[in-house]
Q: 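I have a structure I would like to understand better, so I am pasting it below and will then ask my questions one at a time.
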Amino acid sequence: MTVRNESTVLQNGIKMPWLGLGVWRVKEGSEVVDAVKAAIAAGYRSIDTAAVYGNEDGVGKGIAESGVARDELFITSKVWNADQGYDSTLKAFDATMSKLGLDVLDLYLIHWPVKGKYKETWRALETLYKEGRVRAIGVSNFHVHHLEDLLDGAEVAPMVDQVEFHPLLSQVELRTFVKQHNIQLEAWSPLMQGNLDLPLLTELSGKYGKTAAQIVLRWDLQHEVVTIPKSITPARIAENADIFDFALSAEDMEKLDGLNQNKRFGPDPDNFNF
């Protein structure tokens with residue numbers, strides 16, 4: 001199972017697993033508790049939640065019941081738009097930690113770039129980071145222009161940018177920018193919210209003896225993008241992790257890159273109703 005714990009190293013030296021479990025739209029209570037426990041049992045060591053998901057309590061319970069030592073796990077949460085601002089972010093962080101039942105968070109992200117607020121929010125994240133309450137800080141859904149604005153005046157650079165990323169939205173400009181600035185890109189909705197019925201994926205699935213989902217998740221890894229597929233089915237959770245024993249050829253990577261249509265299944269950060 002150790003292969004599933006392969007990690008990238010963030011700019012501050014913290015290790016972050018390449019693969020994690022996303023729990024967006026996973027119901028609070030037994031559904032999320034069981035999903036977290038199934039993922040950890042299958043070898044996952046990274047769990048990604050957010051205040052707005054309403055399931056931080058269950059994630060905390062799943063972690064506590066997993067039987068795996070806390071220092072082996074990498075836990076991410078995010079501050080919601082309504083809580084952005086300096087003091088309100090610090091309060092929101094306390095609430096998140098209380099629900100998760102943790103003393104230290106591995107990664108805390110600004111969920112969306114709320115105009116006029118995200119720089120103050122970032123200041124709060126810098127405070128939490130300097131106080132050692134969070135091991136790494138970053139952002140989610142930030143375009144290049146948001147990152148440029150944030151970097152202007154930031155004392156600590158964001159370590160991660162978690163965005164919608166998949167073969168139909170391959171974020172070429174953003175990938176170039178984050179690489180130049182040593183910011184780790186992370187993919188949400190990597191499986192295109194289940195829209196995997198593409199002829200190329202069917203073809204590559206046959207060629208490599210892997211599912212369409214495994215092909216896409218492997219494509220993420222070979223682009224050096226951390227990926228957090230969501231599932232509540234133990235067999236699917238384990239299957240999604242089975243992506244470290246094969247590699248896509250350069251030619252097939254190129255074919256997958258060619259699927260890009262800049263198509264979003266989620267909202268565009270520039271036109272999001274904050």
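The figures here come from the full heavy-atom set of this structure, side chains too, leaving out hydrogens, waters and symmetry mates.
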Q: Side-chain contact, heavy-atom cut-off 4.5 Å: Leu147 with Leu174?
A: yes

Q: Without swapping roles, check the side chain of Trp122 against the backbone of Val156 for a donor-acceptor pair under 3.5 Å.
A: yes

Q: Within the structure provided, determine whether Leu19 and Tyr44 are in side-chain contact (heavy-atom separation under 4.5 Å).
A: yes

Q: Please identify each residue that fulfils ring-ring contact (aromatic ring centres under 6.0 Å, His included) with Phe74, with sequence neighbours left out.
A: none

Q: Taking atom CZ of Arg264 as the centre, does the number of heavy atoms from other residues, nucleotides or ligands within less than 6.0 Å exceed 12?
A: yes

Q: For atom NZ of Lys61, decide whether the heavy atoms of other residues, nucleotides or ligands shown that lie under 6.0 angstrom number more than 12.
A: no

Q: Who pairs with Thr227 by side-chain hydrogen bond (donor to acceptor under 3.5 Å, both in side chains), at least two apart in sequence or on another chain?
A: Asp220

Q: Is the terminal nitrogen or CZ of Lys115 (NZ for Lys, CZ for Arg) located under 6.0 angstrom from the six-membered ring centre of Tyr118 and within 45° of that ring's axis?
A: no

Q: With clusters defined by side-chain heavy atoms of hydrophobic residues (ILVMFWY) lying less than 4.5 Å apart, directly or transitively, does Val59 cluster with Val68?
A: yes

Q: Considering all heavy atoms of both residues, which atom of Ile237 and which atom of Ala35 are nearest to each other, and what is their separation?
A: CD1-O, 3.8 Å

Q: So Trp112 and Phe142, do their side chains get closer than 4.5 Å, heavy atoms only?
A: no

Q: Tell me, please, which residues at least two apart from Phe177 pass ring-ring contact (aromatic ring centres under 6.0 Å, His included).
A: His181

Q: Taking Ser231 for the side chain and Thr233 for the main chain, is one N or O donor matched with an acceptor at less than 3.5 Å?
A: yes

Q: Within a reach of under 6.0 Å around NZ of Lys207, are more than 12 heavy atoms found that belong to other residues, nucleotides or ligands?
A: yes

Q: Which pair of non-hydrogen atoms, one from Asn182 and one from Gln11, has the smallest distance, and what is that distance?
A: O-NE2, 2.7 Å

Q: Between the side chains of Asp83 and Thr89, is a donor N or O closer than 3.5 angstrom to an acceptor N or O?
A: no

Q: Can you tell me how far the CG atom of Leu10 sits from the CD atom of Gln184, to the nearest 0.5 Å?
A: 6.5 Å

Q: Please determine whether side chain to side chain contact (heavy atoms under 4.5 Å, CB included) holds for the pair His143 and Asp270, giving the CA-CA distance in whole Å, both sets of side-chain angles, and the decisive distance to 0.1 Å.
A: CA-CA 8 Å; His143 284 323; Asp270 279 334; 3.1 Å; yes

Q: With sequence neighbours excluded, what pairs up with Arg25 under the salt bridge (Lys or Arg N to Asp or Glu O under 4.0 Å) test?
A: none

Q: Assess whether a salt bridge exists between Lys179 and Glu224, defined as any Lys/Arg side-chain N lying under 4.0 Å from an Asp/Glu carboxylate O.
A: yes

Q: Taking ring-ring contact (aromatic ring centres under 6.0 Å, His included) as the definition, give me every residue that meets it alongside Tyr86, ordered by chain and number, with sequence neighbours left out.
A: none

Q: Please determine whether the number of non-hydrogen atoms from other residues, nucleotides or ligands lying under 6.0 Å from atom NZ of Lys230 exceeds 12.
A: yes

Q: Under the salt bridge (Lys or Arg N to Asp or Glu O under 4.0 Å) test, which residues partner Asp34, sequence neighbours left out?
A: none

Q: Could you pull out the closest heavy-atom pair between Arg45 and Ile40, with the gap in Å?
A: NH1-O, 2.9 Å

Q: Checking the side chain of Ser88 only, and the main-chain atoms of Gln84 only, is there a donor and an acceptor separated by less than 3.5 Å?
A: yes

Q: Would you check if the side chain of Glu56 reaches a backbone N or O of Thr96 as a donor-acceptor pair within less than 3.5 Å?
A: no

Q: If I take atom CD from residue Glu203 and atom CD1 from residue Ile215, how far apart are they, to the nearest 0.5 angstrom?
A: 10.0 Å

Q: For the residue pair Pro158 and Ile183, what are the closest heavy atoms and their distance?
A: O-CG1, 3.3 Å

Q: Any side-chain heavy atom of Leu73 within less than 4.5 Å of one from Ser46?
A: no

Q: List for me each residue that meets side chain to side chain contact (heavy atoms under 4.5 Å, CB included) alongside Glu251, sequence neighbours excluded, and say none if there are none.
A: Ser249, Lys255

Q: Are any non-hydrogen side-chain atoms of Val163 and Gln171 less than 4.5 angstrom apart?
A: yes

Q: Do Val139 and Pro113 have side-chain heavy atoms sitting under 4.5 Å apart?
A: no

Q: Taking the side chain from Glu164 and the backbone from Gly266, do they hold a donor-acceptor pair closer than 3.5 Å?
A: yes

Q: List the residues meeting salt bridge (Lys or Arg N to Asp or Glu O under 4.0 Å) with Lys119, not counting sequence neighbours, and say none if there are none.
A: Asp149

Q: Run the ring-ring contact (aromatic ring centres under 6.0 Å, His included) test against Trp219 and tell me which residues pass, sequence neighbours left out.
A: Phe165, His223

Q: Show, in sequence, the C-alpha distance, side-chain angles and deciding distance for Asp94 and Arg133, and conclude whether the salt bridge (charged side-chain N to carboxylate O under 4.0 Å, His left out) test is met.
A: CA-CA 10 Å; Asp94 287 340; Arg133 300 189 66 200; 2.9 Å; yes

Q: Compare all side-chain heavy atoms of Leu169 with those of Lys263 and state whether any distance is below 4.5 angstrom.
A: no

Q: Please check: side-chain N/O of Thr202 versus main-chain N/O of Leu198, any donor-acceptor pairing under 3.5 Å?
A: yes

Q: Decide salt bridge (charged side-chain N to carboxylate O under 4.0 Å, His left out) for Glu120 and Lys117; before the verdict, give the C-alpha distance in whole Å, the side-chain angles of both, and the deciding distance to 0.1 Å.
A: CA-CA 6 Å; Glu120 277 300 287; Lys117 283 199 172 174; over 6 Å; no

Q: If you apply the rule salt bridge (charged side-chain N to carboxylate O under 4.0 Å, His left out), what do you find for Asp48 with Lys78, and how did you get there?
A: CA-CA 9 Å; Asp48 177 277; Lys78 312 173 195 81; 2.7 Å; yes

Q: So Arg123 and Glu155, salt bridge (charged side-chain N to carboxylate O under 4.0 Å, His left out) or not? Walk me through it.
A: CA-CA 8 Å; Arg123 226 165 41 81; Glu155 287 181 39; over 6 Å; no

Q: Who passes side chain to side chain contact (heavy atoms under 4.5 Å, CB included) against Thr211, sequence neighbours left out?
A: Ala213, Gln214, Glu239

Q: In this structure, are over 12 heavy atoms from other groups packed under 6.0 Å from Gln180 atom CD?
A: yes

Q: For residues Gly58 and Val33, report the shortest heavy-atom separation together with the two atoms involved.
A: O-CG2, 3.5 Å

Q: For residues His146 and Asp161, is any side-chain donor paired with an opposing acceptor at under 3.5 Å?
A: no

Q: If you look only at distance, which donor and acceptor atoms sit under 3.5 Å apart when one is on a side chain in residues 100-111 and the other is two or more places apart or in another chain?
A:
{"from": "Asp106", "atom 1": "OD1", "to": "Arg135", "atom 2": "NH1", "distance (Å)": "2.6"}
{"from": "Asp106", "atom 1": "OD2", "to": "Arg70", "atom 2": "NH1", "distance (Å)": "3.0"}
{"from": "Asp106", "atom 1": "OD2", "to": "Arg70", "atom 2": "NH2", "distance (Å)": "2.8"}
{"from": "Asp106", "atom 1": "OD2", "to": "Ile75", "atom 2": "N", "distance (Å)": "2.7"}

Q: Holding to side-chain hydrogen bond (donor to acceptor under 3.5 Å, both in side chains), I want the full list of residues that pass it with Asn195, two or more places apart in sequence or in another chain.
A: none

Q: Take atom CG of Asp197 as the centre, draw a 6.0 Å sphere, and report whether it contains more than 12 heavy atoms from other residues, nucleotides or ligands.
A: no

Q: Would you kindly say whether Asn262 and Asn260 are connected by a side-chain donor-acceptor distance under 3.5 Å?
A: yes

Q: For Glu72, look at atom CD and say whether over 12 heavy atoms of other residues, nucleotides or ligands are found less than 6.0 Å away.
A: yes

Q: Compare all side-chain heavy atoms of Val225 with those of Glu186 and state whether any distance is below 4.5 angstrom.
A: no

Q: What are the two closest heavy atoms between Ala51 and Ser77, and how far apart are they?
A: N-OG, 3.7 Å

